[in-house]
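Working notes, beginning with the structure itself.
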Amino acid sequence: MTILFAQSWDVIPGQYDEYSAFVTNEYNPILEKLGLKLLGGYYVAVGEGPRIIAVATTESQAGLMKILAGSEYRGITNKLSQVVFNYSNRVWVRSGRIQKEPYRIQTGAWKFNQYYNVIPGQGDAHYRFVKEECIPGMKALGVPITGGWRLAIGSGPRMLAECTGRNIEHIARAINTSEFRRLVRPLKKYYAMDYSSRILAPTGRIEVPFIMKEMMKGF
């Protein structure tokens with residue numbers, strides 16, 4: 001079972017160069033060594049912060065808990081706290097209603113994420129609405145729902161609908177349409193509460209090394 005481990009933070013003002021070198025040369029390599037598969041680094045282009053989001057996966061919640069309880073993870077996280085603030089993390093599990101294939105790095109992908117809680121008593125109706133209206137509707141808009149997640153550990157809304165687009169203009173055009181409003185209005189009126197959304201831009205910290213590694217396989 002895929003477990004999504006999402007960390008969020010802001011960079012301490014005046015510490016960006018130190019932060020950049022630390023994340024690239026120490027933090028990311030140690031997380032990979034510990035068994036966290038890094039899949040994406042994003043900054044929040046539109047929406048509430050913290051501004052940086054780092055996403056990794058493991059195959060079991062028990063495995064993730066073992067990593068987080070280890071001394072090496074505590075040590076590298078303590079070093080991270082010297083260059084960031086507003087740190088938080090969340091553990092997401094698949095809702096079982098969207099993707100089935102393994103969760104992989106998506107190079108150059110922007111994200112339009114919708115967060116909310118399902119109104120009590122509307123679970124089945126919400127599922128039908130997502131399956132029959134939202135999934136085909138977002139696909140038709142060119143910003144398909146590529147991930148459905150349920151919050152297992154952490155605070156905030158319990159549901160995450162992860163949509164993928166080519167760039168911010170592509171996403172903005174899609175959500176500034178009557179077709180999108182036709183989807184989101186009944187979602188918020190009948191099935192969801194505590195709704196919010198964010199547009200996430202890729203930082204390139206994960207994608208660029210991945211692309212270079214793939215390119216070098218042929219040499």
Return all side-chain donor-acceptor pairs below 3.5 angstrom for residues 176-184, not counting sequence neighbours, or 'none' if the list is empty.
| unit_1 | atom_1 | unit_2 | atom_2 | d |
| --- | --- | --- | --- | --- |
| T177 | OG1 | A174 | O | 2.7 |
| T177 | OG1 | F180 | N | 3.1 |
| R182 | NH1 | E133 | OE1 | 3.4 |

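- With respect to I199, the side chain to side chain contact (heavy atoms under 4.5 Å, CB included) criterion is satisfied by exactly one of N113, I168, N167: I168.
- To the nearest 0.5 angstrom, M193 atom CE is 10.5 Å from Q122 atom CD.
- Note that CG of N28 and CG of L36 are 10.5 Å apart. Values are rounded to the nearest 0.5 Å.
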For a side chain to side chain contact (heavy atoms under 4.5 Å, CB included) check, start with the C-alpha distance between M159 and L151, then their side-chain angles and the critical distance, and finish with the verdict.
CA-CA 6 Å; M159 304 300 297; L151 187 65; over 6 Å; no
Test side chain to side chain donor-acceptor pair (under 3.5 Å) on T58 and K37; report intermediate values, then the result.
CA-CA 6 Å; T58 63; K37 184 178 180 181; over 6 Å; no
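- Remark: side-chain polar atoms of R150 are not paired, donor with acceptor, to backbone N or O of R158 under 3.5 angstrom.
- Residues Y195 and I119 fall into different hydrophobic clusters, defined by Ile, Leu, Val, Met, Phe, Trp and Tyr side chains chained together at heavy-atom separations under 4.5 Å.
- Across Q61 and A152, no two heavy atoms sit closer than the pair OE1-CB, 4.2 Å.
- Residues L187 and H126 are in side-chain contact: their nearest non-hydrogen atoms beyond the backbone lie under 4.5 Å apart.
- Within the 4.5 Å cutoff, side-chain heavy atoms of E32 are placed close to those of L38.
- Note that OH of Y42 and CD1 of I52 are 12.5 Å apart. Values are rounded to the nearest 0.5 Å.
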Quick one: side chains of residues 68-82, donor-acceptor pairs under 3.5 Å with protein atoms, not counting sequence neighbours, listed by atom name and distance.
| unit_1 | atom_1 | unit_2 | atom_2 | d |
| --- | --- | --- | --- | --- |
| E72 | OE2 | K33 | NZ | 3.0 |
| Y73 | OH | Y87 | OH | 3.4 |
| R74 | NH1 | A69 | O | 2.5 |
| T77 | OG1 | Y73 | O | 2.8 |
| N78 | ND2 | R74 | O | 3.2 |
| K79 | NZ | E26 | OE1 | 2.5 |
| S81 | OG | N78 | O | 2.5 |

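- Salt bridge annotation for R198-E48: absent, with no cationic side-chain nitrogen under 4.0 angstrom from a carboxylate oxygen.
- Residue pairs satisfying the side chain to side chain donor-acceptor pair (under 3.5 Å) criterion with at least one member in residues 8-22, sequence neighbours excluded, are listed as follows: W9-Y19, D10-N86, Y16-R205, S20-R205.
- With contacts defined as side-chain heavy-atom distances shorter than 4.5 Å, the pair W149/T2 qualifies.
- Separating the CD atom in E162 from the OG1 atom in T146 is a distance of 4.5 Å, to the nearest 0.5 Å.
- Side-chain contact check for P157 versus Q114: every heavy-atom pair is 4.5 Å or farther apart.
- Within the 4.5 Å cutoff, the side chain of L141 has no heavy atoms near those of the I175 side chain.
- Closest approach of Y191 to P186, counting heavy atoms only: CD1-O, 3.5 Å.
- Heavy atoms from other residues, nucleotides or ligands lying under 6.0 Å from OH of Y190 number 12 at most.
- Using a 4.5 Å cut-off on side-chain heavy atoms (C-beta onward), I3 and E59 make no contact.
- Separating the CH2 atom in W110 from the OG1 atom in T164 is a distance of 13.0 Å, to the nearest 0.5 Å.
- V83 places none of its side-chain heavy atoms less than 4.5 Å from the side chain of V11.
- With a 4.5 Å cut-off on side-chain heavy atoms, I153 and M65 count as touching.
- Under the 4.5 Å side-chain heavy-atom criterion for ILVMFWY residues, no single connected hydrophobic cluster contains both V44 and F85.
- Atom CG in L160 sits 9.0 Å away from atom OH in Y116 (nearest 0.5 Å).
- For the pair H170 and R166, the tightest heavy-atom approach, listed with the atom from each and the gap, is ND1-N, 3.0 Å.
- Neither F22 nor I12 shares a network with the other; the hydrophobic side chains, linked directly or stepwise wherever heavy atoms of I, L, V, M, F, W or Y lie under 4.5 Å apart, form separate groups for each.
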